[in-house]
A.B. asks: 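Here it is, the structure, as structure tokens.
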There are 2 protein chains.
Amino acid sequence: MRRASALRTSRPKAGAVKPARGRAAAAAPSVRERILIVAERMFAEHGMEGVGLRAITAAARVNLASIAYHFGSKDGLLEALFAQRAAPIAQERLRLLALCCEDGKTPTLEQILDAFLRPALTLGVQPQFGGPAFVKLRARLGTEPETTARKILAKAFDQSSRKFIDAIAQALPGQPREEIEWRYHFMLGTMFYTMANSGRIQSLTDGRCDPGDVKRALHHMIPFLAAGFRSAPVS
Amino acid sequence: MRRASALRTSRPKAGAVKPARGRAAAAAPSVRERILIVAERMFAEHGMEGVGLRAITAAARVNLASIAYHFGSKDGLLEALFAQRAAPIAQERLRLLALCCEDGKTPTLEQILDAFLRPALTLGVQPQFGGPAFVKLRARLGTEPETTARKILAKAFDQSSRKFIDAIAQALPGQPREEIEWRYHFMLGTMFYTMANSGRIQSLTDGRCDPGDVKRALHHMIPFLAAGFRSAPVS
DNA sequence: ACATTAAACAAACGACTGTTTACTTTGCGA
DNA sequence: TCGCAAAGTAAACAGTCGTTTGTTTAATGT
């Protein structure tokens, strides 16, 4: 890393997009938006270290310096990406959890797992821009080492994670806390690996099971994990 | 990538290590070995794209050109790393599986999972050289995109993977093949994420559960996965 | 009309990338 | 003791990296 580098001018406000002039057609995406879109896809595909800013700006048909201007740095770009995507996922998780807690009811384990997994696997899927890019990106960062990336990820999701561990614990009164924590960890692994969609299982099963098919993936995943969570605690 | 580049001289044979002169003390590791050791650790820690050859050769206290000399290229170094590590893991897996199939007995699901998971999590753990580095590296490559790396990984493990899917199917006669394949995929995710040891679960549980503690991890993991595998197939 | 300012741009910065070249040292068999 | 291939090395090569600079365009506020 070179230096902290204050921007020469104040950064433009996040939502400051001019309305489309003339017809109310789809507004041409701003430079900022185009960068975010292709960066999301390329980071996901090749990893943070695997793509250069030149590749991103070329693909977005945008000047190289635009990234410094709009996001300050490469890390700033990643941070902006997460600010735009992670928060909605965490919110949707909590919303779904609250939804099945209404009227003081205790939600089933399956409901909790669904509320946790579904937003992660479905939100931000934009087929017109190369598919579930953010989902892949998150999975990548989940296994990457202690970088700024991981801190961002932790900050974005730790809070909702704790809430879900609590909810699972409530749904499984007999289980020791530590057992639930281990199993939560296993669930994260299952989720991330499905999100990463490395292609390994497709080649191993001649395409019979495809983690990119989110509906089917969730349909198989939730009962599998629920059974694991409910099994007798060890030792 | 620059070019394929035939080596100027034939590569030295893999096992051509001179016996230690004088006392039978620990032979000073050859240049080749030192490169492999630190490359394993650094690739694992920062990913293939995250480390330069200069960082590796400096840490190994070895000349920069030694990598080209001994391995031909950066990818060649990774290939040599896998040739040294992956095969023993696959072999140990099949050995353990054969062991619990002796006398025509049908092994239990737990035995099969143990035979599959234990070698991956334990083999190649060298505390004196920065801990379970290869384990982390494998986890990283498992979520990385379609690079040479993933092809190497697939070639090294696909064969034994199919054998284990078959073994699990035999142990669970009631389950449709597709269900077993999905659950095998989920198991891979659990395994890789535990191997990656991203530190997320530690911070989430104040250190109570540590995926680096392999014995405990396996102890919790196998019953969890077994329960998932045994649960009723979905629709 | 003028000043201000966000946005976009081409060009360059120094550091670092994997790889190659040309050279020197080492060790062993004849 | 010579010969010769293996082993090891310093320096350079041709790029790419993330970042910075100085300038121009386009729109706003006064």
A.B. asks: Less than 4.0 Å between a side-chain N and a carboxylate O, is that true for A:Glu40 and A:Arg85?
C.D. replies: yes
A.B. asks: What is the separation between atom CZ on A:Phe71 and atom P on C:dA7, rounded to the nearest whole Å?
C.D. replies: 11 Å
A.B. asks: Does a side-chain N or O from B:His70 land closer than 4.0 Å to OP1 or OP2 of D:dA6, or not?
C.D. replies: no
A.B. asks: Using whole Å, what does the distance between atom C1' of nucleotide C:dT17 and atom CG of B:Asp75 come to?
C.D. replies: 14 Å
A.B. asks: With A:Asp166, which residues qualify under side-chain hydrogen bond (donor to acceptor under 3.5 Å, both in side chains), at least two apart?
C.D. replies: A:Arg177
A.B. asks: Please state whether the phosphate of D:dA7, meaning OP1 or OP2, lies under 4.0 angstrom from any side-chain nitrogen or oxygen of B:Tyr69.
C.D. replies: yes
A.B. asks: For the pair made of CZ in A:Arg32 and P in C:dC9, what is the distance, rounded to whole Å?
C.D. replies: 16 Å
A.B. asks: Within a strict 4.5 Å, meaning less than it, do heavy atoms of the B:Ile168 and B:Leu113 side chains meet?
C.D. replies: yes
A.B. asks: Only counting residues at least two apart or in another chain, list the ones meeting ring pair (Phe, Tyr, Trp, His ring centres under 6.0 Å) with A:Tyr193.
C.D. replies: B:His185, B:Phe192
A.B. asks: Which residue pairs pass the salt bridge (Lys or Arg N to Asp or Glu O under 4.0 Å) test when at least one of the two sits in residues 183-198 of chain A, sequence neighbours left out?
C.D. replies: A:Glu179-A:Arg183
A.B. asks: Tell me: CZ of B:Arg61 to P of D:dA10, nearest whole Å?
C.D. replies: 13 Å
A.B. asks: Taking only residues two or more places apart in sequence or in another chain, which ones pass side-chain hydrogen bond (donor to acceptor under 3.5 Å, both in side chains) with A:Gln202?
C.D. replies: A:Asn197, A:Asp210
A.B. asks: NA contact type, A:Leu64, heavy-atom cut-off 4.0 Å: base, sugar-phosphate, or nothing?
C.D. replies: base
A.B. asks: Take atom CD of A:Glu49 and atom P of C:dG18, then tell me their distance rounded to the nearest Å.
C.D. replies: 12 Å
A.B. asks: In whole Å, what is the span from the CD1 atom of B:Ile67 to the P atom of C:dG18?
C.D. replies: 8 Å
A.B. asks: Just compare C:dT19, C:dC13, C:dA10 and give me whichever is closest to any side-chain atom of B:Arg54.
C.D. replies: C:dT19
A.B. asks: Between B:Leu53 (CG) and D:dT9 (P), how many Å, whole number?
C.D. replies: 15 Å
A.B. asks: What's the NZ-C1' distance between A:Lys74 and D:dT16, to the nearest Å?
C.D. replies: 11 Å
A.B. asks: So for A:Asn63 and C:dA10, does any side-chain atom that can act as donor or acceptor lie under 3.5 Å from a complementary atom in the base?
C.D. replies: yes
A.B. asks: So for the helix from C:dC2-D:dG29 to C:dA30-D:dT1, with five pairs setting each end axis, what is the inter-axis angle to 10°?
C.D. replies: 10°
A.B. asks: State which residues pass ring pair (Phe, Tyr, Trp, His ring centres under 6.0 Å) with B:Phe157; sequence neighbours excluded, sorted by chain then number.
C.D. replies: none
